[in-house]
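This report concerns only the one structure given below.
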Number of protein chains: 2
Amino acid sequence: MQADLTELTIQEVAENTGLTAHTLRYYERIGLIFPINRAESGHRRYCSRDLDWIRFLTCLRKTGMPVREMKRFAELVEQGDSTITQRRALLETHRRRILNTIRELQANLSAVEWKINYYSDLEAEYRIADD
Amino acid sequence: MQADLTELTIQEVAENTGLTAHTLRYYERIGLIFPINRAESGHRRYCSRDLDWIRFLTCLRKTGMPVREMKRFAELVEQGDSTITQRRALLETHRRRILNTIRELQANLSAVEWKINYYSDLEAEYRIADD
DNA sequence: GTACATCTTAGAGTACACTCTAAGTCAAGT
DNA sequence: ACTTGACTTAGAGTGTACTCTAAGATGTAC
């Protein structure tokens, strides 16, 4: 197996993931992202595995997982293969949460659409009244 | 037309809507909820129209509309029928936002599910290795 | 080599949406 | 009448997740 030679700066990773450089450093500081390799200058150099991890983190974040729980997940990953069952359980709980969120959004969307139609009808009535 | 005789206390409305009494007062203070009628004692007495309005507010809130935009909507409602087109436009923009959110959730859900399956496969492998 | 942008850190500041507190008034049961 | 719990207000406090600042080191283009 060969070492990964990809070396991205923090700005490149920011552009790639949609996070800001500030947020990337913040995530590393709180332990969401494992310590990133440094160039001789001390500047961070991200490899493609780092990028994969960050992309999965953003996926969890965008689906509403609290940072605290993401950190718990990161800790499990750090502990190695013995935690795979726990990781799966955590993700399955999260999966159910996402499905609930989607269902709730769809239900509330119906109410918004009902109101939109109600307003459309009113607009039509006013147009007729203007004739 | 007859006056609405429903008279609910703040606690009853809280139980009915899932908001807390604190939040109901807060919403009224910032202008999301129009001033509620008071009993002689000064205590709030909500009527069923108030309840309908609060339910629609929670529907907007749960679908991620920022409080500031909800306030804008409340102001349009307060201004009367001349703002119906603006209200519909606001809700249609919000509708598109909800649809985008759902699409994004579904896409990220797939990534979570992919990872769950990946972990399941790993678990299966470990079980075989243990034989 | 000289600008000028980008990187580093620890720690402070911000935005959002509540959530609670304190001090006092009011309502319902016995 | 008395207790217990709910109500009132203005304003302070909280939790979450960033987001920015300052001061200085480094990298890149001309």
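Residue numbers begin at 1 in each chain, while the letters A, B, ... track the order of the sequences.
Here D:dT8 is the nucleotide among D:dA6, C:dT8, D:dT8 with the atom lying nearest to any side-chain atom of B:R44.
Remark: A:T17 engages no residue in a side chain to side chain donor-acceptor pair (under 3.5 Å) (not counting sequence neighbours). Scored by the side chain to side chain donor-acceptor pair (under 3.5 Å) test, B:Q11 finds no partners at all (sequence neighbours excluded). Contacts of A:E12 classified as salt bridge (Lys or Arg N to Asp or Glu O under 4.0 Å), with partners at least two apart in sequence or in another chain: none. Residues passing the salt bridge (Lys or Arg N to Asp or Glu O under 4.0 Å) test with A:E125: none are found, sequence neighbours excluded.
Atom CG in B:L57 sits about 13 Å away from atom P in C:dA17, given to the nearest Å. Between the CD atom of A:Q11 and the C1' atom of C:dC7 there is a distance of 10 Å, given to the nearest Å. Across the protein-nucleic acid pair, B:K62 atom NZ and C:dC18 atom P stand 12 Å apart, rounded to whole Å. Between the P atom of C:dT19 and the CD1 atom of B:I30 lies a distance of 13 Å, rounded to the nearest Å. If you take NZ of B:K71 and P of C:dC16, they are 14 Å apart, rounded to a whole angstrom. If you take CG of A:L24 and P of C:dC7, they are 11 Å apart, rounded to a whole angstrom. Between the CG atom of A:N37 and the C1' atom of C:dC7 there is a distance of 16 Å, given to the nearest Å.
The OG1 atom of B:T58 sits 8.0 Å away from atom CE of B:M70, with the distance rounded to the nearest 0.5 Å.
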Contact pattern, 5' to 3', of nucleotides 14-27 of chain D - B, S or - by protein heavy atom under 4.0 Å:
--SSBBBB----SS
What pairs of donor and acceptor atoms, side-chain ones from residues 80-90 of chain B against any protein atom, are under 3.5 angstrom apart with sequence neighbours left out?
{"from": "B:D81", "atom 1": "OD2", "to": "A:Y126", "atom 2": "OH", "distance (Å)": "2.3"}
{"from": "B:T83", "atom 1": "OG1", "to": "B:L76", "atom 2": "O", "distance (Å)": "2.6"}
{"from": "B:T83", "atom 1": "OG1", "to": "B:G80", "atom 2": "O", "distance (Å)": "2.9"}
{"from": "B:T83", "atom 1": "OG1", "to": "B:R87", "atom 2": "NE", "distance (Å)": "3.1"}
{"from": "B:T83", "atom 1": "OG1", "to": "B:R87", "atom 2": "NH2", "distance (Å)": "3.3"}
{"from": "B:T85", "atom 1": "OG1", "to": "A:E123", "atom 2": "OE2", "distance (Å)": "2.6"}
{"from": "B:R87", "atom 1": "NH1", "to": "A:Y119", "atom 2": "OH", "distance (Å)": "3.2"}
{"from": "B:R87", "atom 1": "NH2", "to": "B:G80", "atom 2": "O", "distance (Å)": "2.9"}
{"from": "B:R88", "atom 1": "NE", "to": "A:E123", "atom 2": "OE1", "distance (Å)": "2.2"}
{"from": "B:R88", "atom 1": "NE", "to": "A:E123", "atom 2": "OE2", "distance (Å)": "3.4"}
{"from": "B:R88", "atom 1": "NH1", "to": "B:E92", "atom 2": "OE1", "distance (Å)": "3.3"}
{"from": "B:R88", "atom 1": "NH1", "to": "B:E92", "atom 2": "OE2", "distance (Å)": "3.3"}
{"from": "B:R88", "atom 1": "NH2", "to": "A:E123", "atom 2": "OE1", "distance (Å)": "3.2"}
{"from": "B:R88", "atom 1": "NH2", "to": "A:E123", "atom 2": "OE2", "distance (Å)": "3.2"}

